[in-house]
> 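This is the structure, below, for whatever I ask next.
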Protein chains: 2
Amino acid sequence: MLPQRFPQKPSAICPNSPDIDDQACLAVREVLNRVGDKWSLLIVGYLAEGPLRFNELRRSVEGISQRMLTLTLRGLERDGLVARSVQATTPPRVDYALTPIGLTLLEPVRALVAWADQNRVAITDARTAFDAEQQGQDRAA
Amino acid sequence: MLPQRFPQKPSAICPNSPDIDDQACLAVREVLNRVGDKWSLLIVGYLAEGPLRFNELRRSVEGISQRMLTLTLRGLERDGLVARSVQATTPPRVDYALTPIGLTLLEPVRALVAWADQNRVAITDARTAFDAEQQGQDRAA
DNA sequence: CCGTATCCATTCTGATACTG
DNA sequence: CAGTATCAGAATGGATACGG
């Protein structure tokens, strides 16, 4: 409802429909932020095959620290993408599983991953070419 | 070819096909890293409607600093997603446009954005509920 | 087993000032 | 107009130690 000095919106990010406002833009970026961090997608990927316990995830996601696993799981749980269930046995057993929403996330994520996979060679080549050209520029100067 | 202590791979991130190796996993995460940063998708979104000059982008992408616009554009250019064309007039005119690869990125990105848009309310609600529950936990302790 | 707390290094980002 | 350089603060991530 606030006056917009820059009413133009990026079609890829926020479809130009009347009921998509700046709030949606922000929400989209927040979601992308979560999904784009270092571990979230990897964890969602592992959970796609079924629930896993904390230390099972820790062993699966090679290289992740305990701290980051906890933090990332909390984030996913907070957003309602992952469910945490505790059985108060000794020792305690904690399972993590995708929620229904978490499951639906899998589809667009897979599309993006497929794109990344299809274009990774082209991207690597582009990087190499770009870096080589930069080198040349520096020498020319 | 190296022995893998953890051969299991996240299906969402790395499809379990024989010719997708750990390199692909890394490449995918690199791509996701680029796409997941603060400004890239926003810029790709604006360029989806056609080429734009540097300062046109600056005015469109509200809140971006000159520095970050430069850096993000360089990154996208390096990855071959955006093309930079200079006309050496005075003052110089520099146009940025999506490359063919950049254009193909738009489709999976739109799918993710659509998901984010469809689920943003649920996610916001989940966050509120989670935070409220955390508050309760703190008080209970 | 499943965390939390603390500390530290690295990276990212924005503000500002300056150049061809 | 289209950048680059420099600096400071914020955010991110890892290592380690400790607690329920």
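Keep in mind that this is a model prediction, so the values were computed, not measured. Chain letters run A, B, ... following the sequence lines, proteins first and then strands; every chain starts at 1.
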> Give me the atom names and distance for the closest heavy-atom approach of A:Arg58 to A:Ile64.
O-CG2, 4.3 Å
> Report the distance from atom CG of B:Asp95 to atom P of D:dG3, rounded to the nearest whole Å.
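The distance from CG of B:Asp95 to P of D:dG3 comes to 11 Å, rounded to the nearest Å.
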> Is there, by distance only and without an angle test, a donor paired with an acceptor across the side chain of A:Arg67 and the base of C:dG3 below 3.5 Å?
no
> What contact category does A:Arg84 fall into here, base, sugar-phosphate, or nothing, at under 4.0 angstrom with non-hydrogen atoms?
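Counting heavy atoms under 4.0 Å across all strands, the contact made by A:Arg84 is with sugar-phosphate only.
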> Just how far is it from atom CG of A:Asp117 to atom CG of A:Leu112, taken to the nearest 0.5 Å?
11.5 Å
> Got more than 12 heavy atoms from elsewhere within 6.0 Å of CD, A:Glu56?
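Yes.
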> B:Thr70 has a side chain; which of D:dC1, D:dG3, C:dC2 sits nearest to it?
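Taking heavy atoms from C-beta onward, the closest nucleotide is D:dG3.
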> Roughly how many Å is it from CD in A:Glu56 to C1' in C:dG3, rounded to a whole number?
16 Å
> Tell me: CG of B:Leu69 to C1' of C:dT16, nearest whole Å?
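B:Leu69 atom CG is separated from C:dT16 atom C1' by 17 Å.
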> Of all heavy-atom pairs between B:Asp131 and A:Arg78, which one has the smallest distance, and what is that distance?
OD2-NH1, 2.5 Å
> Does any part of the side chain of A:Ile101, heavy atoms only, come nearer than 4.5 Å to the side chain of A:Leu105, both counted from C-beta?
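No, side chains not in contact.
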> Check this one for me: any side-chain N or O of A:Lys38 less than 4.0 Å away from OP1 or OP2 of C:dT11?
no
> Are any non-hydrogen side-chain atoms of B:Glu107 and B:Arg110 less than 4.5 angstrom apart?
no
> Identify whether A:Val121 and B:Val35 are in the same connected component of the hydrophobic contact network (ILVMFWY, side-chain heavy atoms under 4.5 Å).
no
> Identify all stems in which DNA chain D takes part, counting only runs of at least 3 consecutive pairs (Watson-Crick or G-U wobble, each distance under 3.5 Å), and give each as one range with another, ordered by first number.
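C:1-20 with D:1-20 - these are the stems of 3 or more pairs that involve DNA chain D.
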> Check nucleotides 18-20 of chain D against the protein and report each pair of N or O atoms closer than 3.5 Å, with its distance, or say if there are none.
none

> Taking only N and O in the side chain of A:Arg74, is any of them less than 4.0 Å away from OP1 or OP2 of C:dT4?
yes
> Whole-Å distance between C:dG3 P and A:Arg58 CZ?
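Atom-to-atom, A:Arg58 to C:dG3, this comes out as 11 Å.
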> Whole angstroms only, please: what is the CG-P distance between A:Leu73 and C:dC1?
16 Å
> Rounded to the Å, how far apart are B:Phe54 CZ and D:dA2 C1'?
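These atoms are roughly 6 Å apart.
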> Can you confirm whether B:Tyr46 sits close enough to B:Ile43 that some side-chain heavy atom of one is under 4.5 Å from a side-chain heavy atom of the other?
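A side-chain contact under 4.5 Å is absent here.
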> Mind calculating the distance between CG (B:Leu71) and C1' (C:dG14) to the nearest angstrom?
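Going from CG in B:Leu71 over to C1' in C:dG14 covers 11 Å.
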> Examine C:dG3: is either OP1 or OP2 under 4.0 Å from a nitrogen or oxygen in the side chain of A:Tyr96? Give yes or no.
yes
> Does one hydrophobic cluster hold both B:Leu47 and B:Val94, with members joined at side-chain heavy-atom distances below 4.5 Å?
yes
> Please tell me if B:Arg53 has a side-chain N or O lying less than 4.0 Å from either OP1 or OP2 of D:dG3.
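Negative; the distance criterion is not met.
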> Could you give the CE-to-P distance, from B:Met68 to C:dT16, as a whole number of Å?
17 Å
> Would B:Val44 and B:Val109 count as a side chain to side chain contact (heavy atoms under 4.5 Å, CB included) if you check the C-alpha gap in whole Å, the side-chain angles of each, and the deciding distance to 0.1 Å?
CA-CA 10 Å; B:Val44 168; B:Val109 161; 5.9 Å; no
> Looking at the side chain of B:Ser65, which of C:dG14, C:dT4, D:dG14 is the nearest nucleotide?
C:dG14
